[in-house]
Amino acid sequence: MRIPPFNPYIAVIIGVIAVSSSPIFVKLTNGVPSAIIANYRLLIAFLIMTPIILSKYRKEFRNINYRDWILAVISGIFLAAYFVLWFESLNDTTVTSSIIFITIHPIFVFLGTYFLSQERFSSGSTISLIIILFGSAIIGWGDYQESNAFIYGDLLAIVASISLAIYILSGQKTRKSLSLITYTYIVYGVGMITLLLYNIIMQNPFGNYSMKNWYIFLALAVIPTFLGHSLFNWAIKWLNNSTVSMAIVFEPIAATLLAYIMLKETMIWSQLLGGTIVIFGLFLFILSTSRKNSVTISKKSNK
């Protein structure tokens, strides 16, 4: 067994913090349309990846078949929709509520898989679904008591979560035939073009933003997009998928702490109670839908 060059558990923790910074950066922008924020996030990420693609992965594009192109385009469109809807939700609800509703996207992925392949629900997954719905209802009820705008933001986050699930489902088969970086590059490119067209139609301004906002666009492209997800992808080489998935469930906790420190956002009782129930339900859901694998990281080689 090879020895990991860096503790994968620490890498996952850093990844969770990096990904959790995304809603904080969005909240820190001043008067920037959500679609513009999403557009620049994907544009900068696309430009950063371009030299790598041209130098090492250019030949892979010749072997992409028609079906994979179609699925990658669909994935890119729904990735763009996910970013816009999620970023827009942050204008109307809190970071805590928004990120919790985004985090339940594995439920929609599972439901999509069920309808596409007719996989049976286990008793554990059924119970976890009920728990997650119950916790979500508590959050929604509490937000409704606070403000009608919160409910609108919550609904946008739920639709964003569904868009994220469709993005994941669309790319499942394509990711098996393409390298991760090539697939990601295509999806980011499609998402960028989709958002470009959307912003032109909506007549959203592409310039005249403060230097602070340009730094935020860059930070969004680098920290949650590359640092966060790259660490998750690296950690999967050493840990099983369920371990990394469970770690990602802690994203609402990390985002809530960051929101308190940087935005002075505080939690209300419904978010604390409902969020705890949702996270517990997600843990149960991941356990009930994951294969039982025993993974050990050894400090000594077996050979």
Side-chain angles (χ1 to χ4, degrees), residues 12 15-16 19-20 22-23 78 81-83 85-86 88-90 92-146 150-170 172 232 240-257 259 265 267-292:
V12 169
V16 169
V19 171
S20 301
S22 184
F78 277 97
Y82 155 66
F83 277 136
L85 290 165
W86 180 28
E88 190 64 32
S89 76
L90 291 166
D92 296 291
T93 192
T94 62
V95 167
T96 300
S97 293
S98 180
I99 198 69
I100 287 174
F101 286 122
I102 290 296
T103 307
I104 66 173
H105 73 270
I107 302 299
F108 298 117
V109 173
F110 183 74
L111 290 172
T113 303
Y114 169 76
F115 287 113
L116 291 173
S117 60
Q118 296 299 307
E119 290 187 7
R120 295 183 62 183
F121 281 87
S122 66
S123 58
S125 60
T126 302
I127 293 171
S128 62
L129 282 170
I130 295 171
I131 293 173
I132 291 168
L133 289 173
F134 179 63
S136 299
I138 292 175
I139 296 171
W141 174 253
D143 284 353
Y144 174 74
Q145 298 298 314
E146 290 290 315
F150 281 5
I151 287 296
Y152 178 68
D154 291 349
L155 290 173
L156 284 176
I158 292 172
V159 178
S161 187
I162 295 172
S163 298
L164 178 58
I166 297 174
Y167 153 69
I168 293 171
L169 287 169
S170 301
Q172 280 182 341
F232 290 147
N240 57 25
N241 287 330
S242 60
T243 300
V244 177
S245 297
M246 286 181 185
I248 296 173
V249 171
F250 284 103
E251 185 181 343
I253 299 174
T256 297
L257 290 174
E265 280 193 7
M267 296 179 67
I268 58 177
W269 70 269
S270 58
Q271 292 172 335
L272 179 59
L273 176 60
T276 302
I277 294 172
V278 167
I279 290 173
F280 172 74
L282 284 169
F283 274 126
L284 180 61
F285 176 78
I286 292 168
L287 286 172
S288 63
T289 55
S290 299
R291 295 179 179 179
K292 293 181 180 180

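Values in this document were obtained by computation on a predicted structure and should not be read as measured data.
Ile102 approaches Ala157 most closely through the heavy-atom pair CD1-O, 3.5 Å. Residues Asp154 and Ile139 share a closest heavy-atom pair of OD2-O, 4.5 Å. Of all heavy-atom pairs between Ser97 and Asp143, the closest is OG-OD2, 2.8 Å. Summarising the geometry of Phe232 relative to Val12, their closest heavy-atom pair is CE2-O, 3.7 Å, with the distance given to 0.1 Å. For the residue pair Ala160 and Leu85, the shortest heavy atom distance occurs at CB-CB, 3.6 Å. When all heavy atoms of Thr103 and Pro252 are compared, the pair lying nearest together is OG1-CG, 3.3 Å.
Separating the CD1 atom in Ile100 from the CG atom in Leu282 is a distance of 9.5 Å, to the nearest 0.5 Å. Between the CZ atom in Phe108 and the CD1 atom in Ile166 there is a gap of 10.0 Å [rounded to 0.5 Å]. Atoms CD1 and CD1, on Ile104 and Ile162 in that order, are 8.0 Å from each other to the nearest 0.5 Å. Remark: Ile268 CD1 to Gln271 CD distance equals 4.5 Å, nearest 0.5 Å. Atom CD1 of Ile99 sits about 7.0 Å away from atom OG of Ser22, to the nearest 0.5 Å. The CD1 atom of Ile127 sits 13.0 Å away from atom CZ of Phe285, with the distance rounded to the nearest 0.5 Å.
In this structure, the side chain of Gln145 does not engage the main chain of Gly142 through any donor-acceptor pair within 3.5 Å. Put simply, the side chain of Ser20 gets close to the backbone of Glu251: a donor and an acceptor are under 3.5 Å apart. Between the side chain of Ser161 and the backbone N or O of Phe101 there is at least one donor-acceptor pair closer than 3.5 Å. A side-chain donor-acceptor contact under 3.5 Å links Glu265 to the backbone of Val95. In this structure, Thr93 contributes its side chain and Leu90 its backbone to no donor-acceptor pair below 3.5 Å.
Using a 4.5 Å heavy-atom threshold, the side chains of Ile277 and Phe280 count as separate. Between Pro23 and Trp86, some side-chain heavy-atom pair lies under the 4.5 Å cut-off. Trp141 has its side chain out of reach of Ser270: every pair of non-hydrogen atoms, C-beta onward, lies at least 4.5 Å apart.
In summary, the side chains of Thr96 and Thr256 do present a donor paired with an acceptor at a separation below 3.5 Å, with no hydrogens or angles considered. Ser89 and Ser98 share a side-chain donor-acceptor pair at under 3.5 Å.
Atom OH of Tyr152 is surrounded by 12 or fewer heavy atoms from other residues, nucleotides or ligands within 6.0 Å. Heavy-atom neighbours of Tyr167 OH from other residues, nucleotides or ligands within 6.0 Å: above the threshold of 12.
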